[in-house]
Amino acid sequence: MHRFFIGVGLFLSVLFPACFSVAVADVVKPALVEITAKSGGEVSIDIRTSIEAMLTGINAQYKNTQDAPQAAEYDALRVLEAEQLQAVFEPFKPELLQQVWLKADGEPVKLRVGLVDIPEPGYTKVPRASVIVLEGQVAPDTENLQWYYPAAFGDNAVRVRQVNEQKEQWHWSDWQWIRKDEPSQPFSLTEVFRQPSTPGVIWSYIEIGFTHIVPKGLDHILFIIGIFLFSSRLKPLFWQVTMFTIAHTITLGLSMNGVISLPASMVEPLIALSIAYVGVENIFARNLHNSRLFLVFGFGLLHGLGFASILSDFGMPDGAFALALISFNVGVELGQIAIILAGYLLLSGWFGMREWYRSVVILPGSLLISAIGFYWMLERLEFL
């Protein structure tokens, strides 16, 4: 028994500082690259990324930007006005053109930097996404394009849009997620206006939904753990997760259709507050009441707006909106189920019926979750 207590203590001692360190930082998101190839041969490349991370060399190897040796420089760039950051980025343009490349039928395409759109810093707790536009020219009969974005700048997701200006038709290819220091697979330009395959859409958006929970969504992970700790029995757990799922599906769909929208400066602190509240209620409540289900439903509506942020960046496929939305939610649910199964196999499946389970696992775990939630709320409100 004492070994179990020691194990729980070690687990909490590791999780507690780790969560607090993540709270004061952000994760570098993958760059989203959209290449437009027009029938006349004009090519433009929109790179949506963090210029601050690019300038300082903070890439995907840092799960916590504060772990990077350039963290202070990165934080200083984040608060600059758009015009100031433009001036800092100007000398970096030649290096950018040396690092990235586009090939048409295996031959390099000469690129130049066009528009650089940098938003004002705004709510600095959420990294701002700037857009860098590269321009070039390829032969009108080009059959394929291949893209390279170095790992030094981070991961990237890329897709190609074929545009027939005469017929006023266009079509996006499937996304390619590139997590290694390697070029994309060639994008065919001969299969014009081919719709994305159904299996491709399903798999891509399931993957996005799952990875948004595990391992990237620490705030959502803590919320699900808070729900899990409420009871070692599956029925109360099932009802809470069901309410949460229905709710975030509703707001995710409405948000992606532009029906509702809330600024991140409101959504992020409220998500943190929902985590804190679930932990507090675990301490005082012993049975599942309807009020708990309604609260979880309300918090699910809130988390749906958080999920929408990643889909807004990634975009939705033409003609397959519903399929992509459902697939993303399936991915989210698989991530949540993975968390619950891990908790069940590690804790409640073995010890859930023991009389000391509440005092040793539920209460300390819920206190920890509440403390982290309140800390995140204050940090996201910029009190810390």
Side-chain angles (χ1 to χ4, degrees), residues 26-34 48 60 126-127 129 155-161 171-179 195-225 227 238 240-262 264 267-268 270-271 274-275 296-342:
D26 59 74
V27 177
V28 179
K29 292 183 178 180
L32 297 181
V33 182
E34 298 180 330
R48 186 181 297 115
V126 176
D155 298 340
N156 74 110
V158 57
R159 64 176 178 172
V160 170
R161 179 172 64 167
H171 165 63
W172 286 109
S173 72
D174 293 340
W175 285 97
Q176 289 187 34
W177 283 89
I178 304 173
R179 296 182 175 86
Q195 292 297 319
S197 65
T198 297
V201 171
I202 292 173
W203 173 251
S204 295
Y205 283 85
I206 286 178
E207 182 182 10
I208 298 167
F210 185 88
T211 57
H212 188 57
I213 297 295
V214 180
K216 297 178 181 178
L218 185 57
D219 48 359
H220 302 301
I221 289 174
L222 286 185
F223 186 84
I224 295 300
I225 292 176
I227 291 177
F238 169 79
Q240 290 179 87
V241 172
T242 298
M243 297 297 282
F244 183 71
T245 299
I246 293 172
H248 74 63
T249 301
I250 292 172
T251 47
L252 180 57
L254 292 176
S255 180
M256 292 306 299
N257 279 293
V259 177
I260 58 173
S261 177
L262 287 177
V267 174
E268 294 302 319
L270 287 174
I271 288 177
S274 73
I275 296 168
V296 170
F297 182 85
F299 291 148
L301 296 174
L302 200 58
H303 283 247
L305 296 175
F307 293 144
S309 65
I310 185 68
L311 273 187
S312 296
D313 289 340
F314 192 73
M316 301 291 275
D318 302 307
F321 180 91
L323 180 64
L325 187 65
I326 293 170
S327 299
F328 178 83
N329 276 301
V330 169
V332 169
E333 294 317 302
L334 291 175
Q336 294 175 169
I337 291 171
I339 296 166
I340 291 170
L341 286 178

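Given the structure is predicted, the values throughout are model-derived calculations rather than measurements. Worth knowing before you read on, the calculation uses all heavy atoms, side chains too, and leaves out hydrogens, waters and symmetry mates.
- Note on ring orientation: taking the six-membered ring where Trp is involved, the planes of F223 and F299 are perpendicular (angle over 60°, cut-offs 30° and 60°).
- P30 approaches W177 most closely through the heavy-atom pair CG-CZ3, 3.7 Å.
- Closest non-hydrogen pair, W175 versus A157, comes out as CZ3-O, 3.3 Å.
- Results of the side-chain contact (heavy atoms from CB on, under 4.5 Å) test with I337 over L341, I339, I340 single out L341 as the only residue that passes.
- A side-chain hydrogen bond (donor to acceptor under 3.5 Å, both in side chains) with H248 is found for one member of E333, H220, H303 and no other, namely E333.
- In this pair, F328 and H212 present their aromatic rings tilted. The plane angle is within the 30 to 60° band.
- With rounding to the nearest 0.5 angstrom, the CD1 atom of I275 is 10.0 Å from the CD1 atom of I224.
- Distance CG/L305 to CD1/I260: 5.0 Å, rounded to 0.5 Å.
- Between S327 and I202, the closest heavy-atom pair is OG-CA, 3.4 Å.
- Counting only distance, with no hydrogens or angles, the side chain of S173 and the backbone of V160 share a donor-acceptor pair below 3.5 Å.
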| task | Under the side chain to side chain contact (heavy atoms under 4.5 Å, CB included) rule, what do N329 and T245 come out as? Steps first, then yes or no, please. | result | CA-CA 8 Å; N329 276 301; T245 299; 5.8 Å; no
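- For the atom pair CG of N156 and CD1 of I178, the computed distance is 4.5 Å after rounding to the nearest 0.5 Å.
- Atom CG of L325 is separated from atom OH of Y205 by 10.0 Å, given to the nearest 0.5 angstrom.
- Note: E207 CD to L334 CG = 12.0 Å, rounded to the nearest 0.5 Å.
- Side-chain contact between V332 and F244 is absent, with no heavy atoms from C-beta onward closer than 4.5 Å.
- Contact record, I213 with Q336: CG2-N, 4.2 Å, taken as the closest heavy-atom pair.
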